[in-house]
Amino acid sequence: MSTTTWAWLVLLFPLLGATVNGLGYKKLSRGGAGAIGTAAIGLAFVCAVGALISLQGHDAEHRALVSSLWDYAVTGDSGVDAKLSILVDPLSVYMILVVTGVSTLIHLYSVSYMRGDHGYSRYFAYLNFFVFSMLVLVLGGNFLVLIVGWAFVGAASYLLISFWYRRGTATRAGIKAFVINVVGDVGLVLGTFFILRHSGTLDFLGTFRAVEGGAFAGHQGSLTAGCLLLLVGAFAKSAQIPLHTWLPDAMEGPTPVSSLIHAATMVTAGVYLIARMHPLFEQAPAAADTAAIVGCVTLLVAGTIALTMTDIKRVIAYSTMSQIGYMIMAVGAGGYVAGLFHLMTHAFFKALLFMAAGSIIGAMAGGQSLEKMSGFRRAMPFTFGCFVVGGLALSGVPPFSGFFSKDEILAFVGSRGGWFDALYVLGYVGAFLTAVYTFRMIFRAFLGEPCAEAKELEHGHLAHAEVHTNPANGEVEDTDVGFPGPEHTIAERALPMKVAMSLLAFGATFAGLLQIPFVDHVVTNFLEPTFADSKWIEQEPSNGLVTFGLIIGTVIALSGIALAHRIWVAKPGSAAAWQARFKPAYTLFVNKWYFDELIDLVVVRPFAAFGNFSRRTFERVVVEGTLIGGTTSVVRAGSSAVRAIQTGFLRYYAALLLLGGAAVVLYFLIAAS
Amino acid sequence: MSIAWYLVVSALIFCIGAGGVLVRRNPLVILLCLELMLNATNLALIAFARMHGNSDGQIFALIIMVVAACEVTVGLGLIVAIFRRRLPIDVDELRELQG
């Protein structure tokens, strides 16, 4: 089979899974729905591997294959060439491997984790639809397909955040995510228009050729504006400041959803977008620099917020934001391979952390607060092991995967010199924060005196909530469809969850070995054909910088862990003293830097006030009063005048008819004479 | 014989019919008066056909007869329906369709 056929099959299986689960939700048994959903994504992964093997059979110069299923709207000269086409090159194959690989494991995990939930088939239909949309996004061969995939993942994310649709907090979070993502969609579409205007084609490869050929010579402003608008899309999808506020709220969705969509795959779409559009961004350095700076700011802000959050899923969510900040900084600076390598390792260890967090939430009977968790180490040894592996990878402790990928990003940024040195230093500050907040979470949840639930679990009893409540606001819930199911599952008691977590733990530990400085460069070599035309491809950090980075990275990670150990294990209770000493900073962090309030003040309230004002003045007076009211009163007056003729007397009508006829005849007689 | 005589007779019959339609209140009689008007037209058409010496007018007259037959069928059907529902056989009483 040709490479592109494999890629089409990758798209087909998740679509089939979503269709079967979506249409057959009444007939399918629970096992059936889960098996279909998991098998569909598993087959897609197999096909992605097929595409990989097939792609490697081509020459390095011919590894960008385009296949078009049909022409949607193609006009000759005006420059619209909307086709349903996919682009299979090393970058898209890399992305589909990561997406389908991690998705398969998360589907497997969900089979057990969502077992108690009503709405099981619906869950798998949504999840398969999400994977399909994500694959459309990364495989799309032109801007149109990219935009469609981009909007689809937004819709899938909305559906899954609001999966427990009777929970008010979940539906509000879904709406928030959708609205902010639509802001990004608008940016993406407008950016496409700016680029299409001068490139004259929607096709990616055609656009890149046009850019190389100087289509934007003299239109530098258009290119920069287009790239900045693309960045709006990337920032909204990847939760970068200031469009990030939806991601922490998106944790209202089921935990595997947070793991798949809001950690491993969808939120990295912005990184993919910048890497895919690198020929454009290299011609628009202002936009690329903006991306690098915003990524750096986000990684710091999110890291500081993660230090103070007490909801375990929100800590990991802010950590995700922070890690995507690293990736955006990398691809903004031109380190595409470094950013994409971190994307892969992050997908492994962050999905693993969410899965382990899901297991603890199961043991807490739905509770998510770190304040209440402690001492789960003996009760949940497997979850503890996975959490520590994920935590070490996230903190960047050698030889775990995150160490190599984060180090590669920072070494590349450092090698750019100039003001990038500031980003380099701040990146290491962020790495320190990462180690502290990660191990704060681990120490608080797993060490210390076991809490009541942990003690019960040590005796073999899984905690069961007498009254089910919303962990966000404590509202009482039932367990029917639209709310979480009655039973919770922990990894220790479910084989599929164990298998999924073990495989991800393996990836989180060893994925870094693909790309060890001075030893091997598997990812670089694989992705090189895509980025061969990049002007940063020759940019390599000096050996001294790399060695320095490896040492300083280890030191920073270990000292962060040591600090966390000192605060939360060696001297329990000293956290309160720290909070008191740095009260202004703590208040700022715990209130999430007031971004929600800021957006509320700058955007929501003015728009709401403007809307109210126009409703009172324009809508009521002009539209309802003049336009609609005026039209109806004119019609009413006219019809009441005409109605007087309709007396109902037959003979009266006959007389009118005769008179009319006579008048016509008379007219012709006079006219003829 | 001059065409004028035929036309005068035709006009007279037409006026009688028209007057009947306007004056009478019984739908049956109105229908009869309508027939009178149609037949007056037929008479004029045939007179003109004779005058021009071709058959166009006669064909018109035949078509009008067919239309008249249809009209009578519908009209009588309506009158029977009105009678069956015990409604007054008086067009001035039947004026529910006023605006």
Side-chain angles (χ1 to χ4, degrees), chain A residues 175 179 182 607-673, chain B residues 3-4 7-8 10-45 48 64 67-68 71-72 74-83 85 87-99:
Chain A
I175 291 168
V179 169
V182 165
F607 270 89
F610 178 69
N612 276 331
F613 172 76
S614 14
R615 190 183 61 199
R616 274 197 312 274
T617 54
F618 187 75
E619 174 82 17
R620 289 268 158 78
V621 178
V622 179
V623 176
E624 287 181 11
T626 314
L627 290 178
I628 298 173
T631 314
T632 49
S633 56
V634 164
V635 170
R636 203 166 281 158
S639 65
S640 68
V642 175
R643 202 163 54 220
I645 305 173
Q646 304 280 334
T647 54
F649 284 114
L650 186 66
R651 301 183 297 138
Y652 177 70
Y653 298 155
L656 279 181
L657 195 68
L658 274 174
L659 279 177
V664 171
V665 169
L666 209 60
Y667 169 76
F668 280 118
L669 280 177
I670 294 168
S673 60
Chain B
I3 184 106
L7 290 184
V8 166
S10 167
L12 266 177
I13 298 173
F14 188 87
C15 287
I16 292 167
V21 168
L22 291 183
V23 173
R24 302 303 296 259
R25 291 189 304 197
N26 188 326
L28 204 60
V29 180
I30 291 176
L31 218 53
L32 289 176
C33 292
L34 273 177
E35 287 302 311
L36 272 184
M37 291 164 75
L38 285 170
N39 283 328
T41 326
N42 279 350
L43 183 59
L45 282 169
F48 280 119
I64 286 175
V67 172
E71 174 239 309
V72 165
V74 175
L76 287 178
L78 280 174
I79 291 164
V80 171
I82 290 168
F83 181 73
R85 297 190 60 194
L87 293 170
I89 308 289
D90 182 340
V91 290
D92 282 3
E93 302 280 325
L94 298 168
R95 48 186 294 250
E96 277 165 32
L97 280 178
Q98 68 175 339

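Below, read A as the first sequence line, B as the second, and so on, with proteins coming before strands; counting in each chain starts at 1.
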Exercise. Mind checking salt bridge (Lys or Arg N to Asp or Glu O under 4.0 Å) for B:Arg24 and listing every partner two or more places apart, or none if nothing turns up?
Key: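 Counting only residues at least two positions away or on another chain, B:Arg24 forms no salt bridge (Lys or Arg N to Asp or Glu O under 4.0 Å).
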
Practice problem: With a 4.5 Å heavy-atom cut-off (strictly below), which parts of residues 654-667 of chain A touch chain B? List them by number. | Solution: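 Within residues 654-667 of chain A, the residues under 4.5 Å from chain B are A:Ala654, A:Ala655, A:Leu658.
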
Quiz item: Taking all atoms of both residues into account, what is the closest heavy-atom pair of B:Val23 and A:Arg651, and its distance?
Solution: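 Reported closest heavy-atom pair: O-NH1, 3.0 Å.
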
